[in-house]
Each structure stands twice: as C-alpha cells, then as structure tokens.
2 protein chains.
Amino acid sequence: MARRSDHTREELKELILTSASKIIEKEGFSALTARKIAADIGYTPGTLYNVFQSMDGLTLVLNGITLEKLLPVLANSKDSNKDKAPEEIMKAMARTYRDFAINNRERWLMMFKHEISDEAEIPEWFRGKIALLFQPLEDVLKNHFSFKTDAERQIAARSLWASIHGIYFLHETGKLPLLDGKDVCENMTDALIDNCVKGLR
Amino acid sequence: MARRSDHTREELKELILTSASKIIEKEGFSALTARKIAADIGYTPGTLYNVFQSMDGLTLVLNGITLEKLLPVLANSKDSNKDKAPEEIMKAMARTYRDFAINNRERWLMMFKHEISDEAEIPEWFRGKIALLFQPLEDVLKNHFSFKTDAERQIAARSLWASIHGIYFLHETGKLPLLDGKDVCENMTDALIDNCVKGLR
DNA sequence: ACATTAATTAAACACTGTTCAATTATTAGT
DNA sequence: ACTAATAATTGAACAGTGTTTAATTAATGT
C-alpha cells in the first residue's frame with residue numbers, strides 16, 4: 001500500500017497528469033485508462049477518483065494543458081514575424097499550428113475526439129482557455145485591419161481559424177483523399193489566407 | 001433461438017443497419033453496442049459477427065450510408081440553384097450541408113468521432129465515397145471558373161469544403177465560444193465563400 | 001498509548017468488444 | 001423417410017472498461 005505521505009495531493013495530481021501525458025503520447029487517447037495510469041504511478045484506480053472527479057474530468061484537465069501549451073507557441077510565432085505583412089504573419093501562424101498538431105499529434109487529436117458525456121456543459125474555465133487561443137490572431141487583425149465592431153473582428157478571427165483547422169484536421173484524419181502531397185495543405189491554407197486578406201481590404 | 005431461415009443474410013444485414021441507425025439517432029454513437037443491436041433485432045451478439053467483421057466494420061458501413069445520404073442532397077442543392085451566381089450556389093450548398101448536419105446530428109458527428117483502430121487503412125470503397133462528395137462543388141467551380149489543372153480545381157474544392165466544415169464542426173461541438181448567435185455561422189461561411197470567389201477571379 | 005481522521009485499497013458492479021465450442025436448424029444424399 | 005453433412009445461432013467465457021464503496025491501513029491529535 002502506498003503510504004499516504006508519499007505524495008501530497010498536489011504531487012499526486014502532477015504524477016497522474018505526467019503519467020497520463022506519457023501514455024497518450026506513446027499509445028494515443030484510446031489507450032488512456034484509469035488502471036494503466038494507476039499501475040504506472042504505483043497506486044490503484046480508486047486513488048485517481050480522490051484526485052479527479054472522473055476520467056472525463058481528467059481528460060478535460062489534460063486538454064486544458066494542451067491549450068496552455070499551444071497558446072505561447074502561437075503568440076511567439078506572431079511576435080517573431082510582426083514586421084512582415086499581415087498575410088505572412090498569419091501564414092507563419094498557420095504553419096506553427098500545423099507543426100504543433102504534428103508534434104503533439106495524439107494530444108491534439110484528443111481535444112476533438114473527447115466529448116463531454118451526458119450533455120454536460122463545457123466548464124467556464126475551459127471555454128476561457130479556448131477563447132484565449134484566438135487572441136494572437138485577433139491581435140494581428142486589430143493591428144492591420146479595421147472592423148466596425150469588436151464582435152466582427154472576433155468573428156473574422158474565429159472564422160479564419162476554424163477554416164485552417166478544418167483543413168488540417170480533415171487532412172490528418174485521412175478524410176481528404178487525393179491530397180496526399182506534403183505541401184498541398186500549405187498551399188490550401190496560404191490561398192485561404194490570401195483570399196481572406198483580399199476580402200478584408 | 002432464432003431460426004436461421006427467418007432472414008436471409010441480406011435481410012439480416014438490413015435489420016442490423018436499420019436497428020443501428022435507430023439507436024444512433026436516438027442515443028448517439030456512444031450508445032451503439034453489439035448487445036443492444038442484437039437484443040433489438042432478436043438475435044445474439046455473435047450473429048452480428050457473422051454479418052459484419054467487427055463493430056468497427058459496421059461503423060464504417062454506417063458512415064458510408066451517411067455519405068450516400070448526403071451526396072444527392074448536396075447535388076440537388078446545386079442543381080436547384082444552378083441559375084444563380086456561383087457564390088450564391090455555394091452559399092446554398094453550405095446551408096444544405098449545415099441543415100444535413102443538424103438534422104442528422106448524431107450520424108454526422110459519428111463520421112468524425114470514429115477512428116479506424118490499429119492504424120488500419122481507410123478502405124478504398126470508403127475513400128471513393130468521400131471523393132464523390134466533392135463532386136458537386138467541383139462542378140460549380142468547373143462551370144464558373146478556370147483552373148490550370150484538374151488538380152488545382154480539386155484542391156480549391158477540398159479547401160473550401162474543409163473550411164466550411166471546420167466552421168460548422170467546431171461550432172456544433174461547442175469549441176467556438178462567443179459565437180452562440182444562430183446566424184453567426186452563416187455569416188462566417190458566407191464571408192468565406194465571397195472571399196474565395198473574389199480570390200478565384 | 002489511544003482514539004480519531006483521512007488516504008488507500010480490494011472487491012464488486014455493470015458494462016464493453018470479441019471469440020469459439022456446443023447446440024440447433026436446414027439441406028443434401030441415399 | 002431417414003440419415004449425414006452443413007451452416008446458422010447461441011451461450012459462455014475472456015480480458016478489458018469506468019466507477020463505487022466498504023474495509024483496511026497509515027498518520028495525526030490528544
């Protein structure tokens with residue numbers, strides 16, 4: 001029996017999240033089970049339920065961490081290209097997002113596979129993290145284009161983002177046949193961004 | 001014991017698919033289990049495995065049917081708007097796709113939740129059905145715009161499609177916060193299409 | 001040292017997909 | 001018509017899953 005003073009509640013939480021991340025990255029989201037995590041950290045499944053409400057709750061926290069990893073990467077991509085034309089900044093950001101998706105494939109896929117069970121609402125803290133993610137792109141739009149209202153700019157940012165994501169996601173899940181070429185996706189998103197910028201001017 | 005002459009192999013297949021569709025539409029993809037289908041049609045789980053290779057195989061067939069339902073709906077939307085400007089035809093098609101997604105929500109979501117296990121390839125017959133889906137949009141592009149190569153037109157069609165899908169999908173799965181307004185999605189896709197058409201001219 | 005408190009566990013429950021030997025129904029052959 | 005071969009169907013089992021809870025064990029306060 002693991003001694004209860006081996007780890008504080010916080011350490012335990014960290015252990016679980018680290019182990020879970022390891023499993024996801026090695027074997028994918030579908031291999032993430034309570035018993036596997038427990039065995040890995042030297043506890044039993046029940047202990048997980050002392051720290052997290054459910055596997056669903058744990059998944060949500062893990063997805064939150066993924067969002068937190070992505071945010072600075074995107075912001076940094078924006079900043080290190082800030083002297084270029086807006087369409088070039090956005091193209092660089094799109095590539096950054098794609099690279100993140102490829103380098104963190106399983107974590108990235110997990111965010112879209114996971115569905116909160118029983119129609120439970122996505123909690124506010126998580127919606128907040130998603131909203132933050134649009135900020136870098138919104139900043140670019142704010143710096144280079146004019147919008148009648150904030151809402152319109154937010155819509156433009158989300159629209160462009162969802163489009164780019166849509167292309168990468170369908171491509172990565174094998175649902176865009178005939179587009180196996182490596183650069184095709186880049187061409188698609190580049191064209192999309194160019195059109196979008198033309199439309200905004 | 002169900003008598004083996006109660007239903008031919010074909011009838012049995014039909015029974016299973018009908019029952020599965022019913023369960024999906026009522027309770028969602030996650031409620032679709034072998035035992036539930038079997039109980040519903042008066043057989044035992046094992047019989048399902050005589051007709052389908054696995055639950056995964058059954059899911060793939062069901063997704064194929066969904067694609068087959070969607071194709072004529074889209075083609076019809078194109079045809080009944082053929083005298084309008086290309087951007088209006090495409091907007092109508094986008095709305096048709098959205099309506100299909102809403103009216104067949106669980107079936108639609110299922111196509112993107114399902115992941116073929118064990119890195120097995122998506123079979124050719126399924127890839128073919130996906131490819132067919134892009135045909136109506138490709139036709140519109142062919143009738144109203146000129147492309148250097150067929151490949152370029154295919155890429156344009158897939159790119160626009162994936163973008164529109166990306167917007168609807170993220171919206172419907174609650175991953176586009178701050179965009180709860182009913183018409184916002186329409187505005188987003190309309191703007192996207194207008195920009196795309198501007199870019200193509 | 002003892003009583004209290006709290007973490008940890010083992011076991012159970014109700015599920016899942018899947019396999020396979022045994023059973024049962026149908027067909028073919030005599 | 002009766003039997004032998006064949007094929008559909010089943011029930012039981014296996015190895016999993018998330019989750020709950022009573023019992024156990026460890027740490028703490030007195």
Side-chain angles (χ1 to χ4, degrees), chain A residues 1-17 19-20 22-24 26-63 106 110 113-120, chain B residues 1-17 19-20 22-24 26-63 106 110 113-120:
Chain A
M1 189 186 195
R3 325 200 119 234
R4 84 186 207 210
S5 58
D6 279 353
H7 305 101
T8 66
R9 180 59 60 115
E10 267 320 299
E11 285 172 336
L12 207 44
K13 194 174 172 179
E14 210 56 47
L15 270 178
I16 292 169
L17 291 173
S19 170
K22 207 172 63 187
I23 293 166
I24 292 161
K26 272 188 189 158
E27 311 171 61
F29 178 41
S30 61
L32 186 71
T33 70
R35 285 172 178 82
K36 200 176 258 176
I37 299 170
D40 188 48
I41 65 173
Y43 282 79
T44 52
T47 297
L48 296 197
Y49 287 82
N50 279 358
V51 183
F52 292 96
Q53 203 185 5
S54 63
M55 285 301 286
D56 236 69
L58 169 59
T59 303
L60 206 66
V61 172
L62 286 163
N63 282 342
E106 297 299 334
M110 177 179 165
K113 279 181 204 167
H114 180 235
E115 203 199 13
I116 298 187
S117 60
D118 216 13
E119 285 304 326
Chain B
M1 191 184 193
R3 326 200 119 234
R4 87 189 208 209
S5 57
D6 279 353
H7 306 100
T8 66
R9 181 55 64 109
E10 269 318 301
E11 286 172 336
L12 208 43
K13 194 173 174 182
E14 210 56 47
L15 270 179
I16 291 169
L17 291 173
S19 169
K22 206 171 65 187
I23 292 166
I24 292 160
K26 273 189 189 159
E27 311 171 60
F29 178 42
S30 60
L32 186 72
T33 69
R35 285 171 179 83
K36 199 175 262 178
I37 299 170
D40 187 49
I41 65 172
Y43 281 79
T44 52
T47 297
L48 296 197
Y49 287 82
N50 279 358
V51 182
F52 292 97
Q53 202 183 7
S54 63
M55 283 301 287
D56 237 68
L58 169 58
T59 303
L60 206 67
V61 173
L62 286 163
N63 282 342
E106 297 300 333
M110 177 178 166
K113 280 180 201 166
H114 180 234
E115 205 199 13
I116 298 187
S117 61
D118 216 12
E119 286 303 327

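Residue numbers begin at 1 in each chain, while the letters A, B, ... track the order of the sequences.
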Exercise. CE/B:M55 to OH/B:Y49 distance, rounded to the nearest 0.5 angstrom?
Worked result: 6.5 Å
Problem set entry | Nearest-Å distance for atom pair CD1/P, residues B:I37 and C:dT18 | 11 Å
Exercise. Base, sugar-phosphate alone, or nothing: which one does A:L12 contact when heavy atoms must sit under 4.0 Å apart?
Worked result: sugar-phosphate
For this session: Write down the distance between CZ (B:F52) and P (C:dT18), rounded to a whole number of angstrom.
Result: 13 Å
Exercise. To the nearest Å, how far apart are B:F29 CZ and C:dT16 C1'?
Worked result: 13 Å
For this session: Measure the spacing between CD1 of A:I24 and CG of A:N63 and express it to the nearest 0.5 Å.
Result: 8.0 Å
Exercise. Using a cut-off of 4.0 Å between protein heavy atoms and nucleotide atoms, how would you tag nucleotides 11-19 of chain D 5' to 3' with B, S and -?
Worked result: S-B---BBB
Problem set entry | Interatomic distance where CG belongs to B:L48 and C1' belongs to C:dT18 [whole Å] | 11 Å
Seminar exercise, completed: When rounded to whole Å, the NE2 to C1' distance for the pair B:H7 and D:dT9 reads 14 Å
For this session: Flag the pair B:H7 / B:Y43 as yes when at least one side-chain heavy-atom distance between them is below 4.5 Å, and no otherwise.
Result: yes
Exercise. B:T44 versus B:T47: any side-chain heavy-atom pair under 4.5 Å?
Worked result: yes
For this session: Calculate the interatomic distance between B:L58 atom CG and C:dT16 atom P; express it in whole Å.
Result: 15 Å
Exercise. How about A:N50 and A:R9: do any of their side-chain heavy atoms sit closer than 4.5 Å?
Worked result: yes
For this session: Find the distance B:E10:CD to D:dA8:C1' and express it as a whole number of Å.
Result: 16 Å
For this session: Measure from CG on A:N50 to C1' on D:dT20 and round the result to the nearest Å.
Result: 12 Å
Exercise. Got a salt bridge between B:E106 and B:K26, using NZ or NE/NH1/NH2 to carboxylate O under 4.0 Å?
Worked result: no
